[in-house]
Peer 1: 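If you scroll down you'll find the structure; I have some questions about it.
Numbered from 1 within each chain, the chains take letters A, B, ... in sequence-line order. Given the structure is predicted, the values throughout are model-derived calculations rather than measurements.
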Protein chains: 2
Amino acid sequence: MARIKDVAKQAGVSVASVSRVLAGHSKVSESIRQRVLGAVHDLSYRPDLAARRLRSRQTDTIGLIVSDIRNPFFTEVSRAVEDVSYQHHLRVILCNTDEDVEKENLYLDLMRDENVSGVILSPTLTTLAGFRARDYPFPMVLVDRCDRDTAADAVILDNVDAGYRLTTHLIDNGYRRNIFFYGTTSATGRQRREGYVAAMAAHGLEAHAEPVRSTATAEHGRAAAYERLRRRPLPDALVASSGLILLGLTEALRESKLRFPDAVALAGFDDLPWTRLVEPGITVISQPLYEIGRAAIELLLQRIAKPDQAVRRVVLRGELIERGSTAKRNGSAGVSVAA
Amino acid sequence: MARIKDVAKQAGVSVASVSRVLAGHSKVSESIRQRVLGAVHDLSYRPDLAARRLRSRQTDTIGLIVSDIRNPFFTEVSRAVEDVSYQHHLRVILCNTDEDVEKENLYLDLMRDENVSGVILSPTLTTLAGFRARDYPFPMVLVDRCDRDTAADAVILDNVDAGYRLTTHLIDNGYRRNIFFYGTTSATGRQRREGYVAAMAAHGLEAHAEPVRSTATAEHGRAAAYERLRRRPLPDALVASSGLILLGLTEALRESKLRFPDAVALAGFDDLPWTRLVEPGITVISQPLYEIGRAAIELLLQRIAKPDQAVRRVVLRGELIERGSTAKRNGSAGVSVAA
DNA sequence: CTGTTAGCGCGTTCAA
DNA sequence: TTGAACGCGCTAACAG
């Protein structure tokens with residue numbers, strides 16, 4: 001393995017000159033430049049990153065900490081983060097917390113030890129409470145989860161609005177006894193529930209929100225829905241606060257031999273391929289997933305460049321995609337309102 | 001930020017003793033141990049990884065290079081890799097190649113520069129040709145893709161067998177004009193096609209394999225299938241060589257207003273949630289995804305521990321999951337064979 | 001068992 | 001513009 005001193009010797013210059021040529025920002029005569037580049041090529045020299053990092057105190061590495069990469073939301077976000085990072089010559093360290101605060105803290109400690117350039121975090125509820133980015137020794141951007149008073153850059157959906165619109169759509173289409181299944185492990189589920197509750201109240205309807213411990217799998221959502229579907233009377237509609245919970249609800253309906261929208265309507269979040277494929281299609285709020293990831297990494301890059309600039313927040317709007325699972329009911333309230 | 005010398009001073013010992021206590025493998029008196037640990041705690045000392053890596057020439061980092069993390073196969077594999085890595089105090093650097101050889105090479109160079117402990121790679125066809133793990137300066141394990149003569153540790157499905165069994169199942173159930181859509185960008189698709197061709201031949205049937213440039217999205221599969229479904233006569237069945245292509249085929253059938261299995265049967269790979277949800281369920285070969293990822297990282301850990309041991313290969317068997325999309329045809333060959 | 005010391009490979013002063 | 005020398009923080013020899 002060739003070292004910088006080997007290159008210097010081969011080129012007949014000092015190691016400092018080699019370093020300068022490689023760094024590119026200092027003034028070096030063209031002749032030295034050429035000789036160094038030639039030697040680098042001849043020796044197949046590659047700078048030692050460990051040494052460079054020790055000296056420069058920079059790692060060109062960012063950390064991506066999510067609850068579970070298998071959640072399609074985070075899958076897509078991580079892809080965007082990796083894409084942009086790659087373009088900026090940054091490596092990405094991937095971490096899954098499983099909504100476990102201890103694991104999350106271990107990973108955050110790891111980020112400090114790694115001296116990463118920055119971190120993109122989807123925090124647990126516990127960590128989000130009173131969260132301040134400047135309490136950490138590295139730049140950090142939150143994604144997907146963030147409260148109104150959180151002191152950190154963040155990229156989120158307008159969750160309250162999304163929950164409100166999705167619920168209003170159901171009500172407009174004649175569904176009145178709507179049950180909202182929301183994940184209790186993240187701020188997102190609670191915010192969407194808030195919108196649901198507001199929409200129900202705005203129409204003089206009683207809200208029924210079912211908490212779901214939606215830790216990464218759809219299983220909890222399925223179980224909760226299945227339990228509810230055994231009781232009578234049946235609700236008019238089931239609403240999921242996330243893509244994973246929606247999957248669980250769909251499974252529960254299938255298992256209960258209930259067709260939607262005839263027996264029970266269904267709606268939720270994330271426009272994943274299967275929501276289109278399951279007949280007659282499932283109504284969802286679509287999030288611009290890749291865009292969210294891209295915004296997060298770009299916010300982080302800006303924060304790295306200007307550590308002291310004011311906190312910024314990117315709030316994206318979800319798109320309501322109406323499908324058969326919430327088709328208008330005959331003689332429904334929606335119709336009478338329209339009349 | 002406290003340094004090792006600060007800890008040494010605070011504890012009234014030498015830096016070497018601090019290093020020994022932290023390393024744990026040398027003999028140190030209990031009194032020094034306690035004092036060092038106390039000082040470490042008092043000063044909130046954290047060793048500098050950059051310095052440690054420069055000195056020890058080890059990074060405790062592994063690279064995971066896949067075509068696209070959004071492919072559910074790699075999503076699940078990456079989760080397993082991260083889990084096991086975490087347990088072994090290893091970090092994971094995530095890389096997406098998009099089946100692009102140039103990107104793949106850049107990432108492999110990066111792995112060298114990073115001096116990673118090892119790499120898990122899902123190689124492009126180009127890279128797989130004549131691949132030898134020992135041509136690289138770090139331990140490497142292949143996942144998902146591997147030829148018979150590849151000189152590298154690898155974890156793969158028995159793809160030929162899986163393609164054969166899936167096709168045989170179709171034939172047994174009375175489907176004879178079966179078209180196989182396979183991804184041309186990976187060895188996996190070709191191997192599964194091989195099994196398909198063999199099964200068709202074994203029953204005296206003509207094989208029709210349609211190449212699909214399945215670069216990470218289902219779109220190419222959808223387009224290819226849609227094109228074919230416009231022509232007459234229709235085939236008896238569509239078979240996908242991967243989960244993503246299966247998604248595309250399903251979309252094409254939906255778009256063509258063709259119901260399965262009545263108009264055309266459908267089968268493919270990967271037992272993802274949606275294959276159960278799309279009525280009447282899609283027949284698939286299920287791969288033990290998490291298991292594949294786990295086997296890969298464990299193979300890598302063993303290779304790291306014993307760099308010179310013989311090349312090993314883990315070949316897993318897929319499980320045929322029969323669903324409505326390939327229901328037995330009336331008066332079919334399957335019935336007559338069974339009679 | 002403990003301390004002293006010499007690097008690991010590089011970037012960056014400081015003089016020239 | 002260029003080169004010599006120092007030190008980033010740590011681990012591993014070596015000597016005691």
Peer 1: Within this structure, what is the CG-OG1 distance for the pair A/D100 and A/T185, rounded to the nearest 0.5 Å?
Peer 2: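 Answer for the CG-OG1 pair, A/D100 versus A/T185, is 12.0 Å.
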Peer 1: For the CE atom of B/M1 and the OG atom of B/S44, what is their distance to the nearest 0.5 Å?
Peer 2: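 Going from CE on B/M1 over to OG on B/S44, the span is 9.0 Å.
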Peer 1: Using the heavy-atom set of chain A and a strict 4.0 Å cut-off, write down the first and last nucleotide of DNA chain D that makes it in, 5' to 3'.
Peer 2: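 Boundary nucleotides touching chain A, in 5' to 3' order, are D/dT1 to D/dG9.
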Peer 1: List the atom pairs, donor and acceptor, that lie under 3.5 Å between side-chain atoms in residues 17-26 of chain B and the rest of the protein, sequence neighbours left out.
Peer 2:
none

Peer 1: Going by the side chain to side chain donor-acceptor pair (under 3.5 Å) test, name the single residue among A/T124, A/D98, A/T97 that passes it with A/K103.
Peer 2: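 In the set A/T124, A/D98, A/T97, the residue that makes a side chain to side chain donor-acceptor pair (under 3.5 Å) with A/K103 is A/D98.
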Peer 1: If you take all heavy atoms of A/S78 and B/I69, which pair is closest and at what distance?
Peer 2: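 Closest heavy-atom pair between A/S78 and B/I69: OG-CG2, 3.8 Å.
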Peer 1: Counting only heavy atoms not in A/R134 (residues, nucleotides, ligands), do more than 12 fall under 6.0 Å from its CZ?
Peer 2: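 Atom CZ in A/R134 is not packed in, count stays at 12 or less.
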Peer 1: Can you tabulate the close N/O pairs, meaning under 3.5 Å, that link protein atoms to atoms of nucleotides 9-11 of chain C?
Peer 2:
{"residue": "C/dG9", "atom": "OP1", "partner": "A/R3", "partner atom": "NE", "Å": "3.1"}
{"residue": "C/dG9", "atom": "OP1", "partner": "A/R3", "partner atom": "NH2", "Å": "3.3"}
{"residue": "C/dC10", "atom": "OP1", "partner": "A/Y45", "partner atom": "OH", "Å": "2.5"}
{"residue": "C/dC10", "atom": "OP1", "partner": "A/D48", "partner atom": "N", "Å": "3.0"}
{"residue": "C/dC10", "atom": "OP2", "partner": "A/I4", "partner atom": "N", "Å": "2.6"}
{"residue": "C/dG11", "atom": "OP1", "partner": "A/R52", "partner atom": "NE", "Å": "2.7"}
{"residue": "C/dG11", "atom": "OP1", "partner": "A/R52", "partner atom": "NH2", "Å": "3.2"}
{"residue": "C/dG11", "atom": "OP2", "partner": "A/S19", "partner atom": "OG", "Å": "3.1"}
{"residue": "C/dG11", "atom": "N2", "partner": "A/R55", "partner atom": "NH1", "Å": "2.4"}
{"residue": "C/dG11", "atom": "N3", "partner": "A/R55", "partner atom": "NH1", "Å": "2.6"}

Peer 1: Anything under 30° is parallel, anything over 60° is perpendicular, the rest tilted; go ahead and classify A/Y136 against A/F131.
Peer 2: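 Answer is parallel, since the angle falls under 30°.
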Peer 1: In whole angstrom, what separates B/E30's CD from C/dT2's C1'?
Peer 2: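 Atom-to-atom, B/E30 to C/dT2, this comes out as 16 Å.
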Peer 1: Going by the rule salt bridge (Lys or Arg N to Asp or Glu O under 4.0 Å), which residues pair with A/R55 if we only count those two or more places apart in sequence or in a different chain?
Peer 2: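 Salt bridge (Lys or Arg N to Asp or Glu O under 4.0 Å) check on A/R55 returns nothing, list empty.
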Peer 1: B/D147: what forms a side-chain contact (heavy atoms from CB on, under 4.5 Å) with it, not counting sequence neighbours?
Peer 2: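 side-chain contact (heavy atoms from CB on, under 4.5 Å) list for B/D147, sorted by chain: B/L128, B/D149, B/T150, B/A187, B/Q191.
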Peer 1: Bend angle of the helix from C/dC1-D/dG16 to C/dA16-D/dT1 from five-pair axes at both ends, rounded to 10°?
Peer 2: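 Here the local axes at opposite ends form an angle of 40°.
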Peer 1: Determine, stepwise, if the pair A/L49 / B/N115 fulfils side-chain contact (heavy atoms from CB on, under 4.5 Å).
Peer 2: CA-CA 8 Å; A/L49 287 185; B/N115 188 31; over 6 Å; no
